[in-house]
2 protein chains.
Amino acid sequence: MPTLTLEDIARQTGVSRSTVSRVLNNHPSVREEVRQRVLAAIEASGYQPHAAARTLASKRSFTIGLILPQSVSFFFTDPYYPHLIKGIAQACNQHDYTLALFLVGTREEEEKIFPRISGKGFLDGVLIQSGHHGDQWIIGRMLDIKMPVVVCGRPFRSDNVSYIDVDNIRAAHQAVSHLIRLGRQRIATITGPFASTVGLDRLEGYKKALQERGLPIQENLIVEGDFTEEGGYYAMQRLLPHQPDAVFAASDLMALGAIRAAKEAGLRVPEQIAFVGFDDFPLASSNEIRLTTIRQPVVQFGIQAVELLIDLIEHGHQPPRRVILDTELIIRDTCGAARRQ
Amino acid sequence: MPTLTLEDIARQTGVSRSTVSRVLNNHPSVREEVRQRVLAAIEASGYQPHAAARTLASKRSFTIGLILPQSVSFFFTDPYYPHLIKGIAQACNQHDYTLALFLVGTREEEEKIFPRISGKGFLDGVLIQSGHHGDQWIIGRMLDIKMPVVVCGRPFRSDNVSYIDVDNIRAAHQAVSHLIRLGRQRIATITGPFASTVGLDRLEGYKKALQERGLPIQENLIVEGDFTEEGGYYAMQRLLPHQPDAVFAASDLMALGAIRAAKEAGLRVPEQIAFVGFDDFPLASSNEIRLTTIRQPVVQFGIQAVELLIDLIEHGHQPPRRVILDTELIIRDTCGAARRQ
DNA sequence: GATAGATTTGGGAGCGCTCTCAAAAATTAT
DNA sequence: ATAATTTTTGAGAGCGCTCCCAAATCTATC
């Protein structure tokens with residue numbers, strides 16, 4: 001394989017390098033007949049442009065990075081991430097971008113990886129999955145070097161950066177209001193980590209719903225969780241002594257763990273205690289337990305994140321933008337509303 | 001930012017471009033004193049080499065691709081993939097490689113994406129997650145263009161390609177032997193798809209174990225599954241009329257679905273029917289159902305796949321190699337062995 | 001049919017780095 | 001001290017592409 005270049009195609013076709021380049025980038029000012037001839041030669045020879053050469057000359061790599069910082073690597077096995085990645089990958093394919101994945105497990109890794117991410121000639125822009133305190137550093141660094149950035153999930157300091165998120169406050173509010181409407185009085189919540197905006201926002205929605213209906217906010221009905229099944233299980237054990245009659249869990253996985261704890265304690269779901277989760281992943285519906293939950297459009301979230309980023313890349317520096325997606329309450333069995341249907 | 005180049009560092013330090021390049025690639029023949037001076041200048045100026053320029057000149061991108069073909073995109077939300085990616089990402093970070101992810105949902109996407117994967121100047125090598133019939137095409141193409149490849153999971157045609165896999169036959173054999181040892185007589189299996197080597201290999205292990213112990217192989221105790229919870233559920237429903245007293249499911253997710261179906265049918269687990277899964281993901285141990293299963297070292301699998309690939313990249317064309325990892329039987333409650341412990 | 005204007009093409013100068021080769025400097029041997 | 005080695009350095013020629021600018025070709029106009 002003598003490594004075909006533009007030059008070769010040019011020679012074969014009897015045109016100049018420039019013309020072949022124009023055809024490749026489908027520049028309008030090429031005579032149709034010539035274009036066809038060049039295209040044919042490219043096809044016949046199996047020529048493929050050299051990505052690095054192209055990037056070097058054009059300053060565009062058509063590659064974007066997805067950074068999953070240390071704070072998420074722990075949760076990475078949560079079904080949320082495959083869904084998110086699916087959306088992101090789909091959008092990248094669609095728009096002819098390549099996706100580079102940076103999954104960092106430790107802070108040292110984060111710093112080690114940083115030059116590759118920020119280095120010139122590699123990424124056109126980055127998506128940062130965040131919402132965690134610890135990620136401010138990396139977001140700040142990307143902004144410093146003027147790399148186009150879209151943060152997935154509202155970051156703690158959001159004034160100068162574009163981000164996309166779901167309306168967590170509204171979603172949680174809706175879930176809890178639903179429980180209140182069903183007559184539940186002692187509604188507890190298992191939150192996400194307080195070091196994350198998701199955790200905080202969903203808690204806020206919970207509080208807001210209670211307040212609106214004149215129910216008291218009791219600190220002992222609020223337990224911080226960590227988005228894992230185990231975490232939900234232990235959180236529920238702490239909740240049990242305070243006898244909640246409903247629980248809003250900030251993720252399906254935690255809801256499942258909580259239900260396990262409740263059942264172990266001899267409680268009947270949903271008669272004695274109702275549950276609402278958050279995410280609506282397959283395990284929520286195909287399980288023995290048919291979970292009432294909030295559906296997040298995660299795949300769509302990924303797609304829109306990519307499209308926002310590409311827009312920032314291609315249309316230069318604009319003021320930061322934000323996209324907020326809506327969620328949907330999916331009523332199944334664990335909230336005890338089923339008998340009404 | 002006037003885009004710092006090698007040249008600038010050279011001028012600042014009073015050496016030549018070549019010397020700076022040598023320092024960057026830590027070539028031995030640079031005087032220590034000079035090296036320090038250059039390093040200091042780089043540090044002070046925050047200079048970062050231009051990735052594309054480097055790739056163009058050196059013909060190395062230090063980027064590898066992970067291709068998840070059409071056949072897996074459907075299963076992508078299976079916990080297997082996050083674990084695999086975790087291992088792969090970890091090894092990439094460790095070895096200073098960047099990971100590009102290609103998740104393709106349709107055959108058209110696969111063909112559309114192909115030029116980016118195979119194009120020169122982008123990837124140094126690729127990992128292909130496979131084991132499915134439909135992936136022969138892409139594996140063949142990569143081989144054609146002499147791209148270093150490691151296939152994750154034994155491919156159907158494996159004679160001329162390096163791959164890594166777990167010993168599925170042995171693992172299934174072990175699981176089924178365990179059930180036989182516990183006195184089960186009518187052992188069924190819910191397999192993976194027959195279009196995949198995993199599906200076939202685990203089935204073979206199952207058959208082998210039965211044969212060895214002189215038990216008959218009954219076609220109606222073998223149902224093809226699809227690695228999903230739902231699939232396991234429906235497979236179990238088909239199995240129920242034939243009254244198995246144990247089921248070996250080729251994945252934990254399917255085992256969970258099958259157990260759900262069995263319970264719905266009023267069977268007690270493990271007294272009336274025992275289950276063994278495959279994977280050992282957290283849901284297997286933290287669930288209400290404590291699943292006996294086969295533990296696969298998935299993270300390790302990812303790490304070794306990367307290391308094998310890097311070896312192929314850095315040490316040229318060798319004969320195809322294969323790495324087979326061991327699995328471990330994890331005994332919990334669903335096989336009914338607990339009382340013996 | 002000559003001229004102004006638009007359209008299409010080619011040449012050349014980079015993009016920022018690596019790498020070979022030969023020159024220069026430092027080291028050792030005589 | 002000088003010659004013979006060895007180590008360290010610099011110059012220059014690419015790597016394969018894009019993109020600006022000027023030359024060539026074509027079209028429309030008077």
Side-chain angles (χ1 to χ4, degrees), chain A residues 1-39 41-42 45-63 115-116 118-124 314, chain B residues 1-39 41-42 45-63 115-116 118-124 314:
Chain A
M1 263 194 323
T3 306
L4 236 35
T5 75
L6 252 198
E7 196 82 53
D8 298 319
I9 302 295
R11 208 171 313 116
Q12 273 177 41
T13 334
V15 296
S16 74
R17 217 171 46 241
S18 316
T19 299
V20 180
S21 171
R22 284 187 191 98
V23 171
L24 238 39
N25 298 287
N26 44 58
H27 198 86
S29 71
V30 177
R31 232 179 339 141
E32 194 49 31
E33 180 256 324
V34 176
R35 175 187 307 279
Q36 292 306 334
R37 199 145 42 90
V38 172
L39 247 24
I42 289 174
S45 62
Y47 163 78
Q48 300 217 323
H50 191 289
R54 226 170 181 182
T55 300
L56 179 59
S58 68
K59 304 187 172 327
R60 296 280 273 102
S61 66
F62 292 93
T63 301
R116 289 194 77 77
S118 64
K120 283 161 300 185
F122 187 54
L123 298 178
D124 284 347
E314 295 183 351
Chain B
M1 263 194 325
T3 306
L4 235 36
T5 75
L6 249 198
E7 196 82 53
D8 298 318
I9 302 295
R11 209 172 312 115
Q12 271 178 44
T13 334
V15 298
S16 73
R17 218 172 45 241
S18 316
T19 299
V20 179
S21 172
R22 284 188 189 97
V23 172
L24 239 40
N25 298 289
N26 43 56
H27 197 87
S29 72
V30 177
R31 237 182 331 146
E32 193 51 29
E33 180 254 328
V34 175
R35 175 189 304 279
Q36 292 307 332
R37 200 147 40 91
V38 172
L39 246 26
I42 289 174
S45 63
Y47 163 78
Q48 299 217 323
H50 190 290
R54 228 172 179 178
T55 300
L56 179 58
S58 68
K59 306 189 171 325
R60 295 281 273 100
S61 67
F62 291 93
T63 301
R116 289 194 76 77
S118 65
K120 282 160 300 183
F122 188 54
L123 298 178
D124 284 347
E314 296 183 349

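In what follows, every heavy atom counts, from backbone to side chain, and hydrogens, waters and symmetry copies are set aside. Lettering follows sequence order; numbering is per chain, from 1.
Nearest nucleotide to the A:Arg22 side chain, out of D:dT18, C:dT9, D:dT9: C:dT9.
The distance from the CZ atom of A:Arg17 to the CZ atom of A:Arg11 is 10.5 Å, given to the nearest 0.5 Å. A distance of 4.0 Å separates CD of A:Gln48 from OG of B:Ser118, quoted to the nearest 0.5 Å.
Separating the CG atom of B:Leu6 from the C1' atom of C:dT18 is a distance of 9 Å, rounded to the nearest angstrom. A straight line from CG of A:Asn26 to P of D:dT18 spans 12 Å, rounded to a whole angstrom. D:dC19 atom C1' lies 16 Å from atom CZ of A:Arg60, rounded to whole Å. The NE2 atom of A:His27 sits 11 Å away from the C1' atom of C:dT9 (whole-angstrom rounding). The interatomic distance linking B:Ile9 (CD1) with C:dT18 (P) rounds to 13 Å, in whole Å. As rounded to whole Å, 12 Å separates atom P of D:dG14 from atom CD of A:Glu7. As rounded to whole Å, 9 Å separates atom P of C:dC17 from atom CG of B:Leu4. Atom CG of B:Asn25 is separated from atom C1' of C:dC19 by 10 Å (rounded to the nearest Å).
Closest approach of A:Phe62 and B:Arg116 over heavy atoms only: O-NH2, 2.9 Å. When every heavy atom of B:Thr3 is checked against every heavy atom of B:Asp8, the shortest pair comes out as O-OD2, 4.0 Å.
A:Thr13 contributes no side-chain N or O that, together with a main-chain N or O of A:Val15, makes up a donor-acceptor pair within less than 3.5 Å. Between the side chain of B:His50 and the backbone N or O of B:Ala52, at least one donor-acceptor pair lies under 3.5 Å.
A heavy-atom distance below 4.5 Å is not found between the side chains of A:Leu6 and A:Arg54.
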Scan nucleotides 13-15 of chain C against the protein and return all N/O pairs shorter than 3.5 Å with their distances rounded to 0.1 Å.
unit_1	atom_1	unit_2	atom_2	d
C:dA13	N6	A:Arg17	NH2	3.3

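For the pair A:Leu24 and B:Ser18, both in contact range of DNA chain D, the more 5′-proximal nearest nucleotide belongs to B:Ser18.
Among the protein residues, B:Thr19 comes within range of the sugar-phosphate backbone only, with heavy atoms under 4.0 Å from sugar or phosphate atoms but none that close to a base.
Neither OP1 nor OP2 of D:dG16 sits under 4.0 Å from any side-chain N or O of A:Arg54.
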